[in-house]
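For clarity, every value in this text was computed on a predicted model and none was experimentally measured. The first residue of the sequence shown is numbered 1, and numbering continues consecutively from there.
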Amino acid sequence: MRSIWKGAIAFGLVNVPVKVYTATEDHDIKFHQVHGKDGGRIKYDRKCSVCGESVQYADIDKAYESPDGDRVILTDEDFSSLPAAEKHEIPVLEFVPTEQIDPILYDKSYYLEPDSTSPKAYVLLRDTLTETDRTALVHFTLRQKTRLAALRVHEDVLMIQTLLWPDEVRAAEFGSLDGVSAPRPQELKMAGALVESMSGDFDPSEYTDDYQIELRKVLDEAIENGGEKVVHAEREDEDTGEDAEVVDLVAALQRSVEAAGRSGRGRASDSRDGDSEKDTDTTPARKAPAKKTPTKKTAAKKAPAKKTAATKTAAKKTAANKTAAKKAPAKKSSGAADHSERKGA
(Lines give C-alpha, C1' and ligand atoms only; values in the text may rest on other atoms or scores of the structure.)
Protein backbone atom coordinates (compact mmCIF):
# COMPACT_ATOMS: atom_id res chain seq x y z
CA MET A 1 0.00 0.00 0.00
CA ARG A 2 1.03 3.58 -0.54
CA SER A 3 0.44 6.24 2.10
CA ILE A 4 -1.77 9.15 1.03
CA TRP A 5 -1.14 11.48 3.97
CA LYS A 6 1.36 12.10 6.76
CA GLY A 7 0.73 13.88 10.03
CA ALA A 8 0.40 13.39 13.77
CA ILE A 9 -2.31 12.58 16.28
CA ALA A 10 -2.37 15.19 19.04
CA PHE A 11 -4.11 14.60 22.37
CA GLY A 12 -2.95 16.58 25.38
CA LEU A 13 0.82 16.85 25.27
CA VAL A 14 1.20 13.53 23.46
CA ASN A 15 2.11 13.60 19.76
CA VAL A 16 1.88 10.44 17.63
CA PRO A 17 3.38 10.69 14.11
CA VAL A 18 1.44 8.51 11.64
CA LYS A 19 1.07 7.63 7.97
CA VAL A 20 -2.43 7.28 6.52
CA TYR A 21 -3.48 4.52 4.10
CA THR A 22 -6.81 3.87 2.40
CA ALA A 23 -8.27 0.84 4.18
CA THR A 24 -10.79 -0.33 1.59
CA GLU A 25 -10.92 -0.88 -2.16
CA ASP A 26 -13.60 -1.69 -4.71
CA HIS A 27 -13.31 -5.13 -6.30
CA ASP A 28 -16.00 -4.53 -8.92
CA ILE A 29 -14.89 -5.07 -12.52
CA LYS A 30 -14.56 -1.73 -14.31
CA PHE A 31 -16.06 -1.14 -17.75
CA HIS A 32 -15.39 1.52 -20.40
CA GLN A 33 -17.98 3.01 -22.69
CA VAL A 34 -17.39 1.97 -26.31
CA HIS A 35 -18.99 2.39 -29.71
CA GLY A 36 -21.13 -0.73 -30.22
CA LYS A 37 -20.40 -0.76 -33.96
CA ASP A 38 -16.60 -1.02 -33.87
CA GLY A 39 -15.62 -1.21 -30.19
CA GLY A 40 -13.84 2.16 -30.19
CA ARG A 41 -13.44 3.90 -26.82
CA ILE A 42 -15.73 6.86 -26.13
CA LYS A 43 -13.74 9.99 -25.25
CA TYR A 44 -14.99 13.05 -23.43
CA ASP A 45 -14.07 16.66 -23.99
CA ARG A 46 -14.44 19.49 -21.46
CA LYS A 47 -16.07 22.22 -23.52
CA CYS A 48 -17.15 25.65 -22.39
CA SER A 49 -20.87 26.29 -23.00
CA VAL A 50 -20.14 29.97 -23.74
CA CYS A 51 -17.17 30.02 -26.14
CA GLY A 52 -17.34 26.37 -27.23
CA GLU A 53 -13.60 25.84 -26.72
CA SER A 54 -11.99 22.86 -25.00
CA VAL A 55 -10.83 23.80 -21.50
CA GLN A 56 -7.73 22.42 -19.80
CA TYR A 57 -8.25 20.99 -16.32
CA ALA A 58 -5.90 23.60 -14.82
CA ASP A 59 -8.22 26.36 -16.11
CA ILE A 60 -11.34 24.96 -14.44
CA ASP A 61 -12.71 26.62 -11.30
CA LYS A 62 -15.63 25.64 -9.09
CA ALA A 63 -18.95 27.44 -9.15
CA TYR A 64 -22.04 27.41 -6.94
CA GLU A 65 -25.46 28.05 -8.43
CA SER A 66 -28.12 29.42 -6.12
CA PRO A 67 -31.78 28.34 -6.31
CA ASP A 68 -32.44 31.63 -8.13
CA GLY A 69 -29.87 30.83 -10.81
CA ASP A 70 -27.10 33.14 -9.60
CA ARG A 71 -23.65 31.63 -10.16
CA VAL A 72 -20.71 32.24 -7.83
CA ILE A 73 -17.25 31.24 -9.08
CA LEU A 74 -14.63 30.41 -6.44
CA THR A 75 -10.89 29.90 -6.95
CA ASP A 76 -8.29 28.00 -4.92
CA GLU A 77 -7.48 31.23 -3.07
CA ASP A 78 -11.10 31.48 -1.89
CA PHE A 79 -11.05 27.94 -0.53
CA SER A 80 -7.70 28.42 1.20
CA SER A 81 -9.17 31.28 3.26
CA LEU A 82 -11.83 29.01 4.80
CA PRO A 83 -11.37 27.66 8.36
CA ALA A 84 -9.87 24.19 8.47
CA ALA A 85 -7.91 22.03 10.86
CA GLU A 86 -4.14 21.85 10.53
CA LYS A 87 -3.34 19.90 7.38
CA HIS A 88 -0.84 17.64 9.13
CA GLU A 89 -2.42 17.27 12.53
CA ILE A 90 -5.26 15.10 13.82
CA PRO A 91 -6.46 16.80 17.01
CA VAL A 92 -8.45 14.69 19.47
CA LEU A 93 -11.66 16.43 20.52
CA GLU A 94 -12.92 13.93 23.13
CA PHE A 95 -13.20 10.22 23.97
CA VAL A 96 -16.68 8.66 23.80
CA PRO A 97 -18.12 5.15 24.44
CA THR A 98 -17.82 3.17 21.20
CA GLU A 99 -21.43 1.91 21.30
CA GLN A 100 -22.77 5.48 21.20
CA ILE A 101 -21.67 5.99 17.59
CA ASP A 102 -24.38 4.78 15.22
CA PRO A 103 -22.86 2.74 12.34
CA ILE A 104 -24.90 4.79 9.85
CA LEU A 105 -22.53 7.68 10.50
CA TYR A 106 -19.42 5.80 9.36
CA ASP A 107 -18.14 6.84 5.94
CA LYS A 108 -14.60 6.05 4.68
CA SER A 109 -11.92 4.10 6.52
CA TYR A 110 -8.15 4.71 6.73
CA TYR A 111 -5.36 2.74 8.42
CA LEU A 112 -2.76 4.56 10.50
CA GLU A 113 0.85 3.37 10.61
CA PRO A 114 3.42 4.74 13.12
CA ASP A 115 5.80 7.16 11.40
CA SER A 116 8.64 7.39 13.92
CA THR A 117 11.69 5.40 14.94
CA SER A 118 10.00 4.60 18.24
CA PRO A 119 6.28 3.66 18.01
CA LYS A 120 5.87 3.71 21.80
CA ALA A 121 3.33 6.58 21.79
CA TYR A 122 1.36 4.82 19.01
CA VAL A 123 1.15 1.58 21.03
CA LEU A 124 0.21 3.51 24.17
CA LEU A 125 -2.75 5.19 22.46
CA ARG A 126 -3.86 1.93 20.84
CA ASP A 127 -3.83 -0.06 24.08
CA THR A 128 -5.52 2.75 26.02
CA LEU A 129 -8.43 2.84 23.55
CA THR A 130 -8.73 -0.95 23.75
CA GLU A 131 -8.76 -1.15 27.53
CA THR A 132 -11.18 1.72 28.04
CA ASP A 133 -13.46 0.64 25.14
CA ARG A 134 -13.51 4.22 23.94
CA THR A 135 -13.39 5.87 20.55
CA ALA A 136 -11.64 9.17 20.01
CA LEU A 137 -13.50 11.85 18.07
CA VAL A 138 -11.00 13.78 15.94
CA HIS A 139 -10.78 16.36 13.17
CA PHE A 140 -9.27 14.92 10.01
CA THR A 141 -8.36 17.15 7.06
CA LEU A 142 -7.90 15.43 3.71
CA ARG A 143 -7.90 17.06 0.26
CA GLN A 144 -8.67 20.51 1.70
CA LYS A 145 -11.76 19.23 3.48
CA THR A 146 -12.04 18.86 7.26
CA ARG A 147 -14.23 16.04 8.52
CA LEU A 148 -15.31 14.72 11.89
CA ALA A 149 -13.84 11.25 12.30
CA ALA A 150 -13.69 8.32 14.72
CA LEU A 151 -10.27 7.08 15.81
CA ARG A 152 -10.51 3.48 16.99
CA VAL A 153 -8.62 0.17 17.03
CA HIS A 154 -9.01 -2.46 14.32
CA GLU A 155 -6.94 -5.67 14.49
CA ASP A 156 -4.20 -4.06 16.61
CA VAL A 157 -3.94 -1.10 14.22
CA LEU A 158 -5.28 2.40 14.74
CA MET A 159 -7.95 3.31 12.23
CA ILE A 160 -9.71 6.53 11.30
CA GLN A 161 -13.26 6.41 9.96
CA THR A 162 -14.69 9.67 8.72
CA LEU A 163 -18.17 10.41 10.02
CA LEU A 164 -21.15 11.97 8.34
CA TRP A 165 -22.46 15.17 9.87
CA PRO A 166 -25.88 14.77 11.54
CA ASP A 167 -27.67 16.79 8.84
CA GLU A 168 -26.26 14.43 6.18
CA VAL A 169 -28.34 11.53 7.52
CA ARG A 170 -31.90 11.55 6.27
CA ALA A 171 -34.77 11.07 8.68
CA ALA A 172 -36.60 7.75 8.35
CA GLU A 173 -40.20 8.93 8.21
CA PHE A 174 -42.65 6.64 6.41
CA GLY A 175 -46.39 7.06 6.75
CA SER A 176 -46.98 3.42 5.87
CA LEU A 177 -45.75 2.41 9.37
CA ASP A 178 -48.23 4.62 11.18
CA GLY A 179 -51.04 2.76 12.97
CA VAL A 180 -49.64 -0.74 12.36
CA SER A 181 -50.68 -3.17 15.10
CA ALA A 182 -47.97 -4.80 17.22
CA PRO A 183 -47.12 -8.48 16.57
CA ARG A 184 -48.84 -11.07 18.74
CA PRO A 185 -46.79 -12.96 21.37
CA GLN A 186 -47.08 -16.23 19.42
CA GLU A 187 -45.71 -14.55 16.28
CA LEU A 188 -42.79 -13.11 18.20
CA LYS A 189 -42.04 -16.52 19.72
CA MET A 190 -42.00 -18.27 16.35
CA ALA A 191 -39.89 -15.54 14.75
CA GLY A 192 -37.44 -15.75 17.68
CA ALA A 193 -37.12 -19.52 17.23
CA LEU A 194 -36.37 -19.02 13.55
CA VAL A 195 -33.71 -16.44 14.36
CA GLU A 196 -32.14 -18.77 16.92
CA SER A 197 -31.97 -21.62 14.38
CA MET A 198 -30.14 -19.35 11.91
CA SER A 199 -27.80 -17.71 14.43
CA GLY A 200 -24.00 -17.92 14.26
CA ASP A 201 -20.79 -15.93 14.58
CA PHE A 202 -20.02 -13.47 11.85
CA ASP A 203 -17.20 -14.56 9.54
CA PRO A 204 -16.95 -12.30 6.46
CA SER A 205 -14.78 -14.84 4.62
CA GLU A 206 -17.80 -17.16 4.36
CA TYR A 207 -19.53 -14.74 2.03
CA THR A 208 -18.55 -14.16 -1.59
CA ASP A 209 -19.63 -11.80 -4.34
CA ASP A 210 -21.14 -14.38 -6.71
CA TYR A 211 -22.10 -11.75 -9.27
CA GLN A 212 -18.51 -10.57 -9.78
CA ILE A 213 -17.21 -14.17 -9.85
CA GLU A 214 -19.65 -15.19 -12.59
CA LEU A 215 -19.01 -11.96 -14.48
CA ARG A 216 -15.27 -12.73 -14.45
CA LYS A 217 -16.00 -16.21 -15.87
CA VAL A 218 -18.05 -14.69 -18.69
CA LEU A 219 -15.21 -12.30 -19.57
CA ASP A 220 -12.50 -15.00 -19.41
CA GLU A 221 -14.51 -17.33 -21.65
CA ALA A 222 -15.16 -14.56 -24.17
CA ILE A 223 -11.44 -13.71 -24.34
CA GLU A 224 -10.51 -17.39 -24.73
CA ASN A 225 -13.08 -18.13 -27.44
CA GLY A 226 -12.66 -14.87 -29.33
CA GLY A 227 -15.40 -13.78 -31.70
CA GLU A 228 -16.92 -10.45 -32.60
CA LYS A 229 -17.27 -9.41 -28.95
CA VAL A 230 -13.50 -9.34 -28.46
CA VAL A 231 -11.39 -6.43 -29.70
CA HIS A 232 -7.77 -7.54 -29.51
CA ALA A 233 -5.21 -5.41 -27.73
CA GLU A 234 -3.28 -4.46 -30.88
CA ARG A 235 -6.37 -2.69 -32.24
CA GLU A 236 -6.83 -0.57 -29.11
CA ASP A 237 -5.15 2.79 -28.69
CA GLU A 238 -2.87 2.84 -25.68
CA ASP A 239 -4.56 4.73 -22.84
CA THR A 240 -2.27 5.92 -20.06
CA GLY A 241 -4.64 8.29 -18.31
CA GLU A 242 -8.24 9.38 -17.89
CA ASP A 243 -10.31 9.70 -21.02
CA ALA A 244 -10.90 13.42 -20.57
CA GLU A 245 -7.17 14.05 -20.02
CA VAL A 246 -6.36 12.20 -23.24
CA VAL A 247 -8.84 14.38 -25.11
CA ASP A 248 -7.12 17.48 -23.72
CA LEU A 249 -3.75 16.17 -24.87
CA VAL A 250 -5.02 15.28 -28.34
CA ALA A 251 -6.61 18.71 -28.71
CA ALA A 252 -3.34 20.38 -27.72
CA LEU A 253 -1.38 18.25 -30.20
CA GLN A 254 -3.90 19.02 -32.96
CA ARG A 255 -3.51 22.74 -32.37
CA SER A 256 0.28 22.33 -32.44
CA VAL A 257 0.11 20.48 -35.76
CA GLU A 258 -2.12 23.16 -37.28
CA ALA A 259 0.18 25.91 -36.04
CA ALA A 260 3.20 24.10 -37.46
CA GLY A 261 1.39 23.71 -40.81
CA ARG A 262 0.61 27.43 -41.02
CA SER A 263 4.21 28.24 -40.15
CA GLY A 264 5.47 25.85 -42.83
CA ARG A 265 3.24 27.37 -45.50
CA GLY A 266 4.47 30.84 -44.53
CA ARG A 267 8.10 29.83 -44.94
CA ALA A 268 7.33 28.22 -48.30
CA SER A 269 5.68 31.42 -49.53
CA ASP A 270 8.71 33.46 -48.47
CA SER A 271 10.97 31.08 -50.32
CA ARG A 272 9.04 31.50 -53.59
CA ASP A 273 9.21 35.29 -53.32
CA GLY A 274 12.94 35.27 -52.53
CA ASP A 275 15.97 34.13 -54.49
CA SER A 276 15.09 30.76 -56.08
CA GLU A 277 18.78 29.85 -56.32
CA LYS A 278 19.31 29.85 -52.51
CA ASP A 279 19.89 26.41 -51.05
CA THR A 280 17.36 26.04 -48.19
CA ASP A 281 17.50 22.25 -47.69
CA THR A 282 18.94 21.44 -44.27
CA THR A 283 18.66 17.65 -44.52
CA PRO A 284 22.20 16.22 -44.09
CA ALA A 285 21.78 13.57 -46.77
CA ARG A 286 20.75 16.16 -49.40
CA LYS A 287 23.08 19.05 -48.63
CA ALA A 288 25.06 20.42 -51.53
CA PRO A 289 28.87 20.24 -51.34
CA ALA A 290 30.40 22.84 -49.06
CA LYS A 291 32.33 24.49 -51.88
CA LYS A 292 29.93 25.43 -54.66
CA THR A 293 30.92 28.08 -57.17
CA PRO A 294 28.45 30.14 -59.18
CA THR A 295 29.81 28.48 -62.35
CA LYS A 296 28.69 25.05 -61.23
CA LYS A 297 25.22 26.32 -60.32
CA THR A 298 24.83 27.82 -63.76
CA ALA A 299 25.88 24.54 -65.30
CA ALA A 300 23.34 22.73 -63.17
CA LYS A 301 20.60 25.04 -64.41
CA LYS A 302 21.51 24.60 -68.06
CA ALA A 303 22.04 20.83 -67.93
CA PRO A 304 18.43 19.93 -68.87
CA ALA A 305 18.74 22.00 -72.07
CA LYS A 306 21.37 19.60 -73.57
CA LYS A 307 19.27 17.11 -75.54
CA THR A 308 22.01 14.55 -76.06
CA ALA A 309 21.35 10.84 -75.63
CA ALA A 310 23.57 10.75 -72.57
CA THR A 311 21.51 13.37 -70.70
CA LYS A 312 17.93 12.56 -71.77
CA THR A 313 17.33 10.52 -68.64
CA ALA A 314 18.72 13.30 -66.44
CA ALA A 315 16.48 15.81 -68.20
CA LYS A 316 13.39 13.70 -67.55
CA LYS A 317 14.27 13.31 -63.88
CA THR A 318 15.01 17.02 -63.62
CA ALA A 319 11.62 17.85 -65.14
CA ALA A 320 9.92 15.50 -62.71
CA ASN A 321 11.74 17.10 -59.84
CA LYS A 322 10.74 20.56 -61.06
CA THR A 323 7.09 19.47 -61.11
CA ALA A 324 7.41 18.26 -57.50
CA ALA A 325 9.26 21.46 -56.61
CA LYS A 326 6.13 23.47 -57.37
CA LYS A 327 4.45 21.80 -54.38
CA ALA A 328 7.37 22.12 -51.92
CA PRO A 329 9.84 24.67 -53.33
CA ALA A 330 11.65 25.06 -50.01
CA LYS A 331 13.21 21.61 -50.19
CA LYS A 332 12.53 20.03 -53.59
CA SER A 333 14.08 22.78 -55.75
CA SER A 334 17.39 22.46 -53.97
CA GLY A 335 17.32 18.65 -54.29
CA ALA A 336 16.53 18.86 -58.00
CA ALA A 337 19.44 21.26 -58.62
CA ASP A 338 21.88 19.07 -56.75
CA HIS A 339 20.67 15.95 -58.60
CA SER A 340 21.01 17.69 -61.95
CA GLU A 341 24.45 19.01 -61.03
CA ARG A 342 25.70 15.52 -60.25
CA LYS A 343 24.29 14.11 -63.47
CA GLY A 344 25.68 17.00 -65.50
CA ALA A 345 29.12 16.44 -64.01
Side-chain angles (χ1 to χ4, degrees), residues 1-28 30 61-64 74-173 202-205 207 209 242:
M1 291 188 294
R2 181 180 179 182
S3 65
I4 61 172
W5 189 90
K6 287 185 179 182
I9 303 171
F11 67 104
L13 298 177
V14 180
N15 189 274
V16 185
V18 291
K19 295 179 182 178
V20 179
Y21 299 83
T22 303
T24 60
E25 61 183 0
D26 187 359
H27 71 186
D28 288 355
K30 302 296 187 297
D61 289 329
K62 295 181 179 179
Y64 166 78
L74 298 181
T75 63
D76 292 340
E77 290 75 13
D78 297 318
F79 286 104
S80 63
S81 65
L82 298 176
E86 290 292 334
K87 293 184 178 180
H88 298 285
E89 185 177 79
I90 306 174
V92 174
L93 306 178
E94 63 177 332
F95 295 92
V96 300
T98 301
E99 68 273 8
Q100 291 184 1
I101 302 178
D102 194 315
I104 196 174
L105 295 174
Y106 288 123
D107 191 11
K108 295 183 179 180
S109 304
Y110 302 90
Y111 289 134
L112 302 182
E113 178 191 16
D115 187 27
S116 63
T117 55
S118 176
K120 185 176 180 179
Y122 180 97
V123 175
L124 174 61
L125 177 59
R126 180 197 66 187
D127 292 350
T128 301
L129 291 175
T130 302
E131 291 183 7
T132 59
D133 193 22
R134 296 273 174 165
T135 295
L137 293 181
V138 300
H139 268 158
F140 180 45
T141 301
L142 184 64
R143 299 184 182 92
Q144 297 182 338
K145 187 176 183 180
T146 300
R147 302 300 303 264
L148 184 66
L151 173 64
R152 64 184 186 88
V153 180
H154 173 73
E155 296 183 354
D156 293 332
V157 174
L158 289 177
M159 167 185 279
I160 275 185
Q161 289 182 279
T162 56
L163 300 175
L164 300 174
W165 298 105
D167 60 348
E168 293 180 311
V169 179
R170 294 178 175 177
E173 298 176 352
F202 177 61
D203 182 2
S205 63
Y207 303 92
D209 190 345
E242 297 181 356

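- Shortest non-hydrogen contact noted between Pro119 and Pro114 is CB-CB, 3.7 Å.
- A donor-acceptor contact closer than 3.5 angstrom links the side chains of Thr75 and Asp78.
- Interatomic distance, OG1 of Thr22 versus CE of Met1, reported as 9.0 Å (0.5 Å rounding).
- In terms of heavy-atom proximity, Tyr110 sits nearest to Thr162 at CE1-CG2, 4.1 Å.
- Tyr111 and His154 have parallel rings, their planes meeting at less than 30° on a 0 to 90° scale where 60° marks the start of perpendicular.
- Heavy-atom neighbours of Glu99 CD from other residues, nucleotides or ligands within 6.0 Å: above the threshold of 12.
- Atom CE of Met159 is separated from atom OG1 of Thr135 by 11.5 Å, given to the nearest 0.5 angstrom.
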Handout entry: side chain to side chain contact (heavy atoms under 4.5 Å, CB included) evaluation trace for Tyr122 with Asp115
Key = CA-CA 9 Å; Tyr122 180 97; Asp115 187 27; over 6 Å; no
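- From Leu105, atom CG reaches atom CG of Leu163 across 6.0 Å, with rounding to the nearest 0.5 Å.
- Here the rule is side chain to side chain contact (heavy atoms under 4.5 Å, CB included) with Ile9, and of Asn15, Val14, Ile90 only Ile90 fits it.
- Atom CG of residue Leu158 and atom OG1 of residue Thr130 lie 8.0 Å apart, to the nearest 0.5 angstrom.
- Between the side chain of His88 and the main chain of Lys6, a donor-acceptor pair closer than 3.5 Å is present.
- Of all the heavy atoms in Arg126 and Val157, the pair that sits closest is CD-N, 4.4 Å.
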Exercise for the section: Show your reasoning for whether side chain to side chain contact (heavy atoms under 4.5 Å, CB included) applies to Leu137 and Val92. Expected result: CA-CA 6 Å; Leu137 293 181; Val92 174; over 6 Å; no
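- The environment of CD1 in Ile104 is sparse: at most 12 heavy-atom neighbours from other residues, nucleotides or ligands sit within 6.0 Å.
- Leu148 CG to His139 NE2: the interatomic distance, rounded to the nearest 0.5 Å, is 5.5 Å.
- A 4.5 Å side-chain heavy-atom check between Tyr106 and Ile101 finds at least one atom pair inside the cut-off.
- With contacts defined as side-chain heavy-atom distances shorter than 4.5 Å, the pair Glu89/Thr141 does not qualify.
- Counting heavy-atom neighbours within 6.0 Å of Glu168 CD, excluding the residue itself, gives a total above 12.
- Aromatic ring centres of Phe140 and Trp5: separated by under 6.0 Å.
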Exercise for the section: Mind running side chain to side chain contact (heavy atoms under 4.5 Å, CB included) on Leu125 and Leu151 for me, showing each step along the way? Expected result: CA-CA 10 Å; Leu125 177 59; Leu151 173 64; 4.0 Å; yes
Exercise for the section: List the steps and the verdict of side chain to side chain contact (heavy atoms under 4.5 Å, CB included) for Lys108 and Thr24. Expected result: CA-CA 8 Å; Lys108 295 183 179 180; Thr24 60; over 6 Å; no
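- Distance check: Asp107 CG to Trp165 CH2 gives 12.0 Å after rounding to the nearest 0.5 Å.
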